[in-house]
Amino acid sequence: MVKVQLFTSHLQLAAFALGTIGWILCTISMGLVEWRVWHVDNTTIISSGIAWVGIWKVCFISYLHVSSGYKEQFCHKFSGYDSFIPHEIYVAQGLLLIAMVMGLLGLTATVFALRNIYMGISRKTLITHFFLLGGFFYIFAGLCVLVPVSWNFYSVAQNQSIAFPPSYYMPSSPTAQEVGAAIPIGIIAVILLLLSGTFSLSYRFPITHSQKIRMSARVIL
């Protein structure tokens, strides 16, 4: 019975691996500042002509007030009271935090179910329920990442502006902007989390030989 369970749980083991990678990528995407890459004309303060707009802060390279041959990265963190921040950034902050928690809960549920299988604990209902629970958590986490990634990708494609206040030393609109590294990383995280959820939900507790005989006997009767 244990061998049969181990064989049928290979897909769920893959779900755990994919879910772990997806959760890590989600965390990396959330922490990166390169969500939007702005190209600006005025290089007086933004010396490189490139600024990075993330969901927590905005950063750029400046040579101003720095010794010759040296550069410094200036970052300005967003505040919860900043009214100029677009909705897609606020939504990204909240949903990615939820995705982190949901992904972690999915991993915990999957680990518990796999532990029961590999330790030979044959609790059909418990194992199935934890795989289902883990699958729902993975899918919900994937959807929580999909929304901000898609919304911010759309904003970049439309070259939407942000009315930064003077203290940020940023123009209100770039000459051009492009997708930063955080968005493709987020897309990969979405794919892995959704796959992980699908694999977890596909688990079926194996039917033993004795159970098959009893089922056959019932059909004959």
Side-chain angles (χ1 to χ4, degrees), residues 1-37 54-56 88-157 178-207:
M1 176 63 179
V2 176
K3 290 182 179 180
V4 176
Q5 281 184 304
L6 292 177
F7 178 77
T8 57
S9 65
H10 286 344
L11 197 60
Q12 283 65 46
L13 189 60
F16 172 72
L18 293 176
T20 302
I21 298 172
W23 182 77
I24 292 172
L25 291 179
C26 168
T27 306
I28 292 173
S29 177
M30 184 176 66
L32 286 176
V33 72
E34 295 90 353
W35 278 71
R36 308 183 193 185
V37 180
I55 62 173
W56 305 106
E88 61 267 27
I89 290 181
Y90 273 131
V91 169
Q93 291 175 351
L95 287 182
L96 286 176
L97 286 174
I98 294 173
M100 279 190 62
V101 176
M102 292 296 104
L104 191 58
L105 290 175
L107 292 173
T108 303
T110 307
V111 166
F112 187 82
L114 289 171
R115 170 187 171 275
N116 285 344
I117 290 177
Y118 283 89
M119 291 185 67
I121 303 173
S122 302
R123 297 178 181 176
K124 177 180 178 180
T125 304
L126 186 66
I127 292 173
T128 304
H129 284 178
F130 270 96
F131 274 132
L132 291 176
L133 192 63
F136 282 122
F137 280 137
Y138 286 138
I139 291 176
F140 189 71
L143 294 177
C144 285
V145 180
L146 177 62
V147 172
V149 165
S150 303
W151 197 349
N152 279 275
F153 180 84
Y154 174 79
S155 298
V156 172
E178 60 190 41
V179 170
I183 291 181
I185 290 175
I187 292 173
I188 296 173
V190 170
I191 295 171
L192 294 180
L193 288 169
L194 293 180
L195 279 176
S196 181
T198 304
F199 290 167
S200 294
L201 293 176
S202 68
Y203 179 77
R204 295 293 180 271
F205 199 83
I207 300 176

Spatial distance of atom [atom1] ([X]) from atom [atom2] ([Y]) [nearest 0.5 Å]:
| X | Y | atom1 | atom2 | value |
| --- | --- | --- | --- | --- |
| Ile127 | Phe131 | CD1 | CZ | 7.0 Å |
| Thr128 | Asn116 | OG1 | CG | 10.5 Å |
| Ser200 | Leu195 | OG | CG | 10.5 Å |
| Met102 | Leu97 | CE | CG | 11.5 Å |
| Ile98 | Leu143 | CD1 | CG | 12.0 Å |
| Ile187 | Leu25 | CD1 | CG | 12.0 Å |

(message) If you apply the rule side chain to side chain contact (heavy atoms under 4.5 Å, CB included), what do you find for Leu193 with Phe140, and how did you get there?
(response) CA-CA 9 Å; Leu193 288 169; Phe140 189 71; over 6 Å; no
Tell me the closest heavy-atom pair linking [X] and [Y], and the distance in Å.
| X | Y | answer |
| --- | --- | --- |
| Ser29 | Ile185 | CB-CG2, 4.0 Å |
| Trp151 | Val91 | CZ3-CG2, 3.5 Å |
| Ala99 | Val145 | CB-CG2, 3.6 Å |
| Cys26 | Ala189 | N-CB, 3.8 Å |
| Asn152 | Pro148 | ND2-O, 2.8 Å |

(message) Which residues pass the side chain to side chain contact (heavy atoms under 4.5 Å, CB included) test with Val179, not counting sequence neighbours?
(response) Phe153, Val156, Ile183, Pro184
(message) Run the side chain to side chain contact (heavy atoms under 4.5 Å, CB included) test against Leu107 and tell me which residues pass, sequence neighbours left out.
(response) Phe16, Thr20, Trp23, Tyr138
(request) For atom OH of Tyr90, decide whether the heavy atoms of other residues, nucleotides or ligands shown that lie under 6.0 angstrom number more than 12. (result) yes
(request) Can you run down the salt bridge (charged side-chain N to carboxylate O under 4.0 Å, His left out) pairs that involve residues 88-114, sequence neighbours left out, and say none if there aren't any? (result) Arg36-Glu88
(request) Please tell me if the side chains of Val149 and Trp35 come closer than 4.5 Å, counting only heavy atoms from C-beta onward. (result) yes
(request) Flag the pair Phe130 / Thr110 as yes when at least one side-chain heavy-atom distance between them is below 4.5 Å, and no otherwise. (result) no
Main-chain N/O of [Y] paired to [X] side chain as donor or acceptor, under 3.5 Å:
| X | Y | value |
| --- | --- | --- |
| Thr198 | Leu194 | yes |
| Trp56 | Met30 | yes |
| Ser202 | Phe199 | yes |

(request) Please lay out, stage by stage, how Leu32 and Ile55 fare under the test side chain to side chain contact (heavy atoms under 4.5 Å, CB included). (result) CA-CA 8 Å; Leu32 286 176; Ile55 62 173; over 6 Å; no
